[in-house]
Amino acid sequence: MIDPNILRAQPELVRESQIKRGEDANLVDQWLAADIAAREGQQAFDLLRNEQKVLGKEMGPLQGSLKKDPTPELTAQVDALMAKATELAARVKIADEHASNLNEKVNAIAGALSNIVDPRSPVGGEDKFELIELVGIPRDFAAEGFVPKNHLEIGEALKAIDVDRGAKVSGSRFYFLTGQGALLEFALLNLAMAQATANGLIPIITPALVLPAAMEGTGFLGQAEENVYRVESDDLYLVGTSEVPLAAYHSDEIIPAADLPLRYAGWSTCFRREAGSYGKDTMGIIRVHQFDKVEMFVLCDPAQAEAEHERLLQWEKDFLDALELPYRVIDVASGDLGSSAARKFDIEAWIPTQGTYREVTSTSNTTEYQARRLKIRMRDSEGTKPLATLNGTLCAMPRIIVAILENHQQADGTVNVPKALQPFLGGKKVLA
RNA sequence: GGAGGCGUCGCCUAGUGGUCUAUGGCGCCGCACUGCUAAUGCGGUUUGGGUUUAUACCCAUCGAGGGUUCAAAUCCCUCCGCCUCCGCCA
């Protein structure tokens with residue numbers, strides 16, 4: 001949700017932002033008109049309702065004295081008042097319905113507006129990203145004298161990944177992690193959590209099923225809706241990221257400024273329908289319907305949001321550095337932000353067999369957008385106001401596993417374990 | 001799954017249809033008094049929206065949503081959550 005004061009005072013700012021995203025700018029003008037109508041409707045109702053309450057206050061004592069002393073004058077007075085009240089009640093009811101309808105309309109439009117794009121985000125579609133940084137040098141396999149295998153070949157040879165049986169049991173884009181594949185995930189989880197807790201984040205295990213309000217509040221029921229699994233029988237959604245339960249965790253709460261920032265490291269399974277990606281990444285476990293992920297989530301004073309964003313990015317880089325993976329950092333373009341983010345940095349790891357960088361983590365500054373939708377506020381000396389929320393991937397399992405297998409493979413088909421990960425694999429230096 | 005109880009302002013709590021403002025206490029904030037602190041006194045203290053230069057005022061908000069009524073925290077219905085007991089179960 002965008003600050004209504006910004007919409008009223010600087011509508012052009014929001015129009016511009018919608019255009020940068022390739023979304024409907026007319027919504028802004030629709031909102032402005034609906035806002036005026038709704039306020040008029042509300043005022044009309046308020047006035048009538050006040051009249052009704054004043055009348056009710058006359059009625060009370062009158063009824064009391066009528067009971068004690070039923071004179072004809074009193075009866076007539078009460079009857080007259082009652083007639084007036086009946087007529088007024090009908091008008092109040094109509095005004096109430098009218099105002100509610102208008103309010104709903106404003107809220108519906110407001111809910112459809114995406115967050116205001118940060119002025120520094122590059123403008124354009126997915127390919128208009130800006131390269132911020134290149135870290136590490138991809139290995140020269142030709143110089144080393146062998147052709148790198150893809151992660152699936154390696155994973156199958158190590159009996160670590162089984163996609164055939166994944167497909168047999170659950171369909172395409174499902175997989176089993178077996179043996180050292182499973183242990184590798186646990187090691188990554190423990191490394192990620194060790195880093196997170198060392199940085200002061202609070203470890204948290206979240207539900208993977210959430211109520212519609214949580215999905216709605218985090219902004220995933222807009223253009224992302226087709227990628228969300230819905231459990232119709234119970235009206236619940238399977239989360240695509242623990243960002244959803246983490247954001248909703250403090251919904252409807254007012255947090256004292258002294259408690260901020262709150263930083264969490266959440267662990268959950270993530271479910272994605274991957275609608276509209278038929279034929280894309282069909283090999284291996286780059287794009288799957290279900291995976292586990294450690295996600296960082298921050299609630300803070302809006303004035304601190306930018307610094308927190310930088311911090312999240314740094315922690316993501318630290319993690320990839322620890323895994324000795326080459327990667328690049330990009331500033332995601334306006335058209336590819338998702339409705340909640342004002343600015344987003346992706347980290348893409350080098351995938352040797354694809355000869356390209358592929359997204360492994362993503363960190364978004366969602367400013368006050370999610371907090372407004374979820375009614376998360378902070379209280380400082382000046383009163384209450386929405387706070388800012390941010391999220392960032394620490395470790396999305398399958399893609400990190402892909403990057404490790406491919407980048408650290410050796411000519412004989414074994415895989416070197418990065419030093420930082422070794423303690424979490426019982427000291428093992430090589431997967432063989 | 002079955003039976004019963006409960007959900008009121010940060011916390012506790014009063015409130016079975018109107019009788020000026022949803023009680024009262026604790027905590028908190030301000031002021032006064034006071035060597036200091038404490039105690040005491042007075043005032044304020046849910047959240048959201050609106051009108052207003054200001055001071056103020058108005059509306060909504062008693063778990064959520066409907067309904068009955070001229071009028072609902074209070075009565076009725078549905079849902080959610082918590083507690084107790086029973087059954088089943090990882």
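Order of the sequence lines sets the chain letters (A, B, ...), proteins ahead of strands, with each chain counted from 1.
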J.: For atom P, what is the distance between B/A14 and B/U69, given to the nearest Å?
T.: 32 Å
J.: What nucleotide among B/C70, B/A60, B/G48 has an atom nearest to a side-chain atom of A/T86?
T.: B/C70
J.: Scan A/E243, A/Q370, A/E368 and name whichever one has a side-chain hydrogen bond (donor to acceptor under 3.5 Å, both in side chains) with A/T389.
T.: A/Q370
J.: Which part of the nucleic acid does A/K84 contact within heavy-atom distance under 4.0 Å: base, sugar-phosphate only, or nothing?
T.: nothing
J.: Need to verify one output field. Residue with the more 5' nearest nucleotide on RNA chain B, A/L47 or A/P4?
T.: A/P4
J.: For residues 193-252 of chain A, which residue pairs pass the ring pair (Phe, Tyr, Trp, His ring centres under 6.0 Å) check, not counting sequence neighbours?
T.: A/Y249-A/Y264, A/H250-A/Y264
J.: So for atom NZ, which belongs to A/K84, do other residues, nucleotides or ligands contribute more than 12 heavy atoms lying within a distance under 6.0 Å?
T.: no
J.: Does a side-chain N or O of A/S100 approach OP1 or OP2 of B/A60 to a distance below 4.0 Å, or not?
T.: no
J.: Verify the contact: side-chain N or O of A/N50 to OP1 or OP2 of B/C58, cut-off strictly under 4.0 Å; return yes or no.
T.: no
J.: Taking any heavy-atom pair under 4.0 Å as a contact, classify A/R372: base, sugar-phosphate, or nothing.
T.: nothing
J.: Within the 4.0 Å heavy-atom criterion, would you say A/R379 contacts the bases, only the backbone, or no part of the nucleic acid?
T.: sugar-phosphate
J.: Taking the nucleotide of RNA chain B with the closest heavy atom to each, which residue, A/R39 or A/R377, is nearer the 5' end?
T.: A/R377
J.: Classify A/Q52 by what it touches in the nucleic acid, base, sugar-phosphate, or nothing, heavy-atom distance under 4.0 Å.
T.: sugar-phosphate
J.: Report the distance from atom CD of A/E40 to atom P of B/C58, rounded to the nearest whole Å.
T.: 22 Å
J.: Can you tell whether the side chains of A/K385 and A/D380 come within less than 4.0 Å, N to carboxylate O?
T.: yes
J.: Report yes if a side-chain nitrogen or oxygen of A/R49 is closer than 4.0 Å to either non-bridging phosphate oxygen (OP1 or OP2) of B/G50; otherwise report no.
T.: no
J.: Within the 4.5 Å heavy-atom criterion, are A/R21 and A/N115 side-chain neighbours or not?
T.: yes
J.: Decide, yes or no, whether a salt bridge links A/E295 with A/K293 under the criterion of side-chain N to carboxylate O below 4.0 Å.
T.: yes
J.: Answer yes or no: is there an ion pair linking A/R263 with A/E308, defined by an N-O contact shorter than 4.0 Å?
T.: yes
J.: Checking contacts here: which listed nucleotide (B/C59, B/U51, B/U47) is nearest the side-chain heavy atoms of A/Q43?
T.: B/U51
J.: Counting only non-hydrogen atoms, which of residues 246-258 of chain A are less than 4.0 Å from RNA chain B?
T.: A/I254
J.: Pick the P atom in B/U21 and in B/C26, then give their distance to the nearest Å.
T.: 24 Å
J.: On a whole-Å scale, what distance lies between the C1' atoms belonging to B/A73 and B/C6?
T.: 15 Å
J.: Measure CG/A/D46 against C1'/B/A60 and give the value in whole Å, please.
T.: 8 Å
J.: Could you work out the separation of B/G17 and B/U68 based on their C1' atoms and round it to a whole Å?
T.: 12 Å
J.: For atom C1', what is the distance between B/C29 and B/U84, given to the nearest Å?
T.: 40 Å
J.: In whole angstrom, give me the gap between the C1' atoms of B/G4 and B/G66.
T.: 25 Å
J.: Separation of A/L211 atom CG from B/C79 atom C1', in whole Å?
T.: 12 Å
J.: Between B/U47 atom P and A/M378 atom CE, what is the distance in whole Å?
T.: 14 Å
J.: Take the protein atom CG of A/D96 and the nucleotide atom P of B/G66, then report the distance between them rounded to whole Å.
T.: 9 Å
J.: How close or far is atom P of B/G48 from atom CZ of A/R373, stated in whole angstroms?
T.: 19 Å
J.: Identify all stems in which RNA chain B takes part, counting only runs of at least 3 consecutive pairs (Watson-Crick or G-U wobble, each distance under 3.5 Å), and give each as one range with another, ordered by first number.
T.: B:1-7 with B:80-86, B:10-12 with B:24-26, B:27-32 with B:40-45, B:47-51 with B:56-60, B:63-67 with B:75-79
J.: List for me each residue that meets side chain to side chain donor-acceptor pair (under 3.5 Å) alongside A/R8, sequence neighbours excluded, and say none if there are none.
T.: A/D35
J.: Just jot down the side chain to side chain donor-acceptor pair (under 3.5 Å) partners of A/D318, sequence neighbours excluded, or say none.
T.: A/Q314
J.: Taking only the side-chain nitrogens and oxygens of A/K53, find out if one of them lies under 4.0 Å from OP1 or OP2 of B/A60.
T.: yes
J.: Thinking salt bridges, do A/E12 and A/R15 make one under a 4.0 Å N-O criterion?
T.: no
J.: Quick one: do A/R120 and A/E306 make a salt bridge, cutoff under 4.0 Å?
T.: yes
J.: Residues two or more places apart in sequence or in another chain: which of them pass side chain to side chain donor-acceptor pair (under 3.5 Å) with A/D235?
T.: A/R230
J.: Nearest to the A/A89 side chain among B/C59, B/C70, B/G48, which nucleotide is it?
T.: B/C70
J.: CG of A/L48 versus P of B/C70: gap in Å, rounded?
T.: 17 Å
J.: On a whole-Å scale, what distance lies between the C1' atoms belonging to B/A39 and B/U34?
T.: 10 Å
J.: C1' atom, B/U8 versus B/U46: distance in rounded Å?
T.: 11 Å
